[in-house]
Visitor: 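Handing you a structure now.
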Amino acid sequence: MRLILLGPPGAGKGTQAARLVEKFGIPQLSTGDMLRAAVKAGTAVGLQAKAVMDAGGLVSDEIVVGIISDRIHEADAKAGFILDGFPRTVAQAEALDELLAKKHMELDAIVELKVDENALLSRIEKRAAETVAAGGTVRADDNPDAFKVRLEAYRAQTAPVSAYYASKGTLKTVDGMASIDDVTKAINGVLGA
Ligand code: AMP
């Protein structure tokens, strides 16, 4: 199963990806998680990406395509993967098509979580509060200023990715405003699982 989860920041992609990992036994490939790990480790990629991530902007296509290209060649991704937060631009979607074609691989589904944008900021604030309550560290970009930039990046650069897959007839849309369990059910429904 090779799957893409699309949707704006705060739509619940990470939560649903974790459930799909359990169900299908395939890894969640989150470019956001991988970039945060690179920042934490102080790698060259991390140093390049940190400022733009903290401000809520998008890291260059070249960097994230390089990360994904390496990652999908790893052994645990052989049976499939769930892409979370990638592709975020049409150029990334095209690069992914090329990468997969070279490996004679196809995507099984692209699932978009549709959410009311007005609900997103409060979801992000809730996520930050829950992280603090659990003793964790809040993401540097989970604040209102960076969130505005992230939402703008989504509208300008990522919304066209949905149109890209819709035009190919591979896009499935799910109501991301439902409860977490109902969203999971709806995703399983469109996957026929
Ligand atoms: P996320 O955890 O998916 O919300 O990503 C956090 C941040 O990492 C984003 O706001 C971007 O700065 C960066 N990022 C993650 N994935 C991508 C991507 N596919 N393209 C560009 N930037 C990305």
Side-chain angles (χ1 to χ4, degrees), residues 2-21 27-72 77 81-100 107 110-115 117 119-131 136-165 176 183:
R2 292 182 205 96
L3 188 66
I4 297 177
L5 284 181
L6 288 177
K13 299 186 297 293
T15 303
Q16 296 300 330
R19 291 182 166 203
L20 291 161
V21 165
Q28 168 194 9
L29 310 188
S30 156
T31 38
D33 285 349
M34 290 185 248
L35 287 165
R36 279 185 288 277
V39 169
K40 205 169 169 196
T43 65
V45 162
L47 291 174
Q48 256 181 291
K50 186 178 184 327
V52 68
M53 287 175 75
D54 285 354
L58 289 187
V59 174
S60 76
D61 290 337
E62 195 190 343
I63 288 182
V64 288
V65 169
I67 290 176
I68 284 295
S69 166
D70 291 345
R71 187 63 186 83
I72 64 175
F81 46 76
I82 302 149
L83 290 172
D84 161 12
F86 179 93
R88 250 183 169 90
T89 65
V90 171
Q92 290 176 21
E94 287 169 348
L96 177 64
D97 280 348
E98 263 177 50
L99 279 176
L100 294 175
L107 292 166
I110 295 99
V111 180
E112 180 181 36
L113 301 181
K114 272 266 188 225
V115 287
E117 284 191 7
L120 294 176
L121 182 57
S122 58
R123 281 190 178 197
I124 294 279
E125 284 170 345
K126 192 170 160 226
R127 174 160 84 189
E130 283 168 358
T131 304
T137 309
V138 176
R139 282 171 49 167
D141 59 353
D142 269 355
N143 65 73
D145 284 343
F147 182 75
K148 257 189 223 155
V149 181
R150 287 162 68 197
L151 198 53
E152 204 35 62
Y154 172 78
R155 288 194 193 116
Q157 290 172 273
T158 310
V161 174
S162 301
Y164 175 81
Y165 291 117
V183 175

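No experiment lies behind these values; they were computed from the predicted model shown. Numbering of ligands and ligand atoms starts at 1, following listing order.
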Visitor: If you look at each N/O of ligand 1, which protein N/O atoms lie under 3.5 Å away, and at what distance?
Guide:
from     : atom 1 : to     : atom 2 : distance (Å)
ligand 1 : 2 (O)  : Arg36  : NH1    : 3.0
ligand 1 : 2 (O)  : Arg36  : NH2    : 3.0
ligand 1 : 2 (O)  : Arg139 : NH1    : 3.3
ligand 1 : 2 (O)  : Arg139 : NH2    : 3.4
ligand 1 : 3 (O)  : Arg88  : NH1    : 3.0
ligand 1 : 3 (O)  : Arg88  : NH2    : 3.1
ligand 1 : 4 (O)  : Arg88  : NH2    : 3.2
ligand 1 : 4 (O)  : Arg139 : NH2    : 3.0
ligand 1 : 5 (O)  : Arg88  : NH2    : 3.4
ligand 1 : 12 (O) : Gly57  : O      : 2.5
ligand 1 : 16 (N) : Thr31  : OG1    : 2.8
ligand 1 : 16 (N) : Gly85  : O      : 3.4
ligand 1 : 16 (N) : Arg88  : NH1    : 3.1
ligand 1 : 19 (N) : Gly85  : O      : 2.9
ligand 1 : 19 (N) : Gln92  : OE1    : 3.0
ligand 1 : 20 (N) : Gln92  : NE2    : 3.0
ligand 1 : 22 (N) : Val59  : N      : 3.0

Visitor: I'd like to check Leu121 versus Leu151 (side-chain heavy atoms, cut-off strictly below 4.5 Å). Are they in contact?
Guide: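 No, side chains not in contact.
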Visitor: Please enumerate all residues that pass salt bridge (Lys or Arg N to Asp or Glu O under 4.0 Å) together with Arg2, with sequence neighbours excluded.
Guide: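 Per chain and number, Arg2 pairs via salt bridge (Lys or Arg N to Asp or Glu O under 4.0 Å) with no residue.
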Visitor: Asp142 and salt bridge (charged side-chain N to carboxylate O under 4.0 Å, His left out): which single residue from Arg123, Arg127, Arg36 fits?
Guide: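 Testing each of Arg123, Arg127, Arg36 against Asp142, the sole residue satisfying salt bridge (charged side-chain N to carboxylate O under 4.0 Å, His left out) is Arg127.
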Visitor: Scan residues 7-19 for pairs that pass salt bridge (charged side-chain N to carboxylate O under 4.0 Å, His left out), counting only residues two or more places apart or in two chains.
Guide: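 Those involving residues 7-19 are Arg19-Asp181.
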Visitor: Might you work through the side chain to side chain contact (heavy atoms under 4.5 Å, CB included) test for Leu29 and Phe86, ending with a clear yes or no?
Guide: CA-CA 8 Å; Leu29 310 188; Phe86 179 93; over 6 Å; no
Visitor: Show me, pair by pair, the donor-acceptor contacts under 3.5 angstrom made by side chains of residues 40-56, not counting sequence neighbours?
Guide:
from  : atom 1 : to    : atom 2 : distance (Å)
Thr43 : OG1    : Ala38 : O      : 3.4
Thr43 : OG1    : Gly46 : N      : 3.1
Lys50 : NZ     : Asp54 : OD2    : 2.5

